[in-house]
Amino acid sequence: MPSLKFTVLAGDYIGPEVMAEALRVLGHVAARENLRLDYTEADVGGAAIDRHGTALPEATLRACAAGDAILFGSVGGPKWEKLPPKEQPERAALLPLRKHFTLFANIRPGLLYPELSDASPLKSERIPQGIDIVCIRELTGGIYFGQPKTTTTLPDGDVQALDTMVYRKSEIERITAAAVTAARGRKKKLCSVDKANVLETSLLWRKTVADYVAQHAPDIALSHMYVDNAAMQLARDPNQFDVFVTENMFGDILSDEMAVICGSLGMLASASLGAQQNSRGLPFGLYEPAGGTAPDIAGKGIANPCAQILSAALMLRYSFGLDAVAARIEAAVKKAVTAGTRTGDIAFGRPAVGTRAMADAIIAAL
Ligand code: NAD
């Protein structure tokens, strides 16, 4: 029986609540597909600070390295907000995890079912068929990591801060390869977003993406767009995109804009894929909901588990090569939600169900 070896890092507040349901869905799928779930649970974030004094204990890193993927919940919350910024759960756990495993490709599906179009701040006549696009963000390069990064007092007494935006051709090539793979699984349409009218890094970005696609992916219809225009086009007509790929800071901003126009954070999953291959020769990856720990609703059993369940589906697709099984989970989530089973964040006046009942409906739809 094929075994799926991964590490579960549930984290804080609603993290463990939605993770329990994702594991239940995975358990159901595994039984049906004759797969064995072989996962280890480890502490991360605030929970790890409370138990081990650090947000990312060595034992957790070791557990992650021993698996083929990480299924992540979310970390942080008011309980740890008074800690120095460097020790806060998100900064001290998630960023080092991304760095440690060189998780350079962040894949965020922007999905809004037509039946949920009320959740979007966009007018529903602009998105009659809902929203179905994918953002691919470069995650380990660019201005967030470039050196030097300094603040200095100048001889004239003024203060100057400096960040460095830097990209290598090889970094752009590998994120383009990830974007091409995503585009091939969809409409074979890729838009590369940059600021090539102003930035040197964007000039290299545009040329590298164009050269890569011409050489390795002539089947992909490639277009280019400046980031300021992309921000506007996302709000005007999101479905003109299918897959878009962009550098770290632009992707940070555009992916959040995309999340907002897609309505509830409780529905949005994400995958961060690494440079290293797992024991199956597929990308090692970290899979997590787009939202945070939602302390305002934690402990009430009302959090939407869909994003965590859809993150588990992405894990099956990218790190285990089980595309058909992933698609079955995605279809079951869609079926359950569009048939009317909804948690409070997507209920819009209908009676809302709790976290467990939402997962029950998804399992029934499977
Ligand atoms: P949040 O995403 O946790 O919550 C924003 C709003 O969305 C809240 O009203 C919340 O109830 C709602 N929401 C989010 N997920 C939901 C779900 N599954 N079901 C129903 N409603 C949901 O953002 P925040 O309030 O800004 O952050 C709370 C904490 O989470 C902070 O400590 C922040 O640092 C942390 N955080 C962690 C991650 C991560 O671990 N990747 C990401 C973002 C925020």
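Every value quoted in this text rests on a predicted model; they were computed, and no experiment measured them. Just so you know, ligand 1 is whichever comes first in the structure, and atom 1 is the first atom listed for that ligand.
- Protein heavy atoms come within 4.0 Å of atom 3 (O) of ligand 1.
- The closest protein non-hydrogen atom to atom 18 (N) of ligand 1 is Asn304 O, 3.0 Å.
- Taking only nitrogen or oxygen atoms, main chain and side chain alike, Glu81 does not reach within less than 3.5 Å of ligand 1.
- The distance from ligand 1 to the heavy atoms of Gly291 drops below 4.0 Å at these ligand atoms: 2 (O), 42 (C).
- Counting heavy atoms only, Gly292 comes closest to atom 44 (C) of ligand 1 of the residues Gly292, Pro305, Gly11.
- Here the heavy atom of the protein found nearest to atom 29 (C) of ligand 1 is Thr293 OG1, 3.1 Å.
- Less than 4.0 angstrom separates some heavy atom of Gly77 from each of these atoms of ligand 1: 32 (O).
- Scanning the protein for heavy atoms near atom 37 (C) of ligand 1, the closest one is Val75 O, 3.1 Å.
- Checking only distances, Ser264 never comes within under 3.5 Å of ligand 1, N or O to N or O.
- The protein atom (non-hydrogen) at minimum distance from atom 28 (C) of ligand 1 is Pro295 CD, 3.5 Å.
- Taking every non-hydrogen atom of Gly266 and a distance limit under 4.0 Å, the qualifying atoms of ligand 1 come out as 17 (C), 18 (N).
- The single protein non-hydrogen atom nearest to atom 12 (C) of ligand 1 is Ala294 CB, 4.4 Å, given as residue, atom name and distance.
- Remark: ligand 1 atoms within the under-4.0 Å shell around heavy atoms of Leu94 are 39 (C), 41 (N).
- Counting protein heavy atoms only, atom 6 (C) of ligand 1 is closest to Leu265 CD1, 4.5 Å.
- Residue Glu288 has at least one heavy-atom neighbour below 4.0 Å for each of these atoms of ligand 1: 41 (N).
- Below 4.0 Å from some heavy atom of Ser74 lie the following atoms of ligand 1, by number and element: 39 (C), 40 (O).
- Distances from atom 26 (O) of ligand 1 to the protein include no heavy-atom value under 4.0 Å.
- Ranking protein heavy atoms by distance to atom 38 (C) of ligand 1, first place goes to Glu90 OE2, 3.6 Å.
- Scanning all protein heavy atoms for the shortest distance to atom 9 (O) of ligand 1 gives Asp296 OD2, 2.9 Å.
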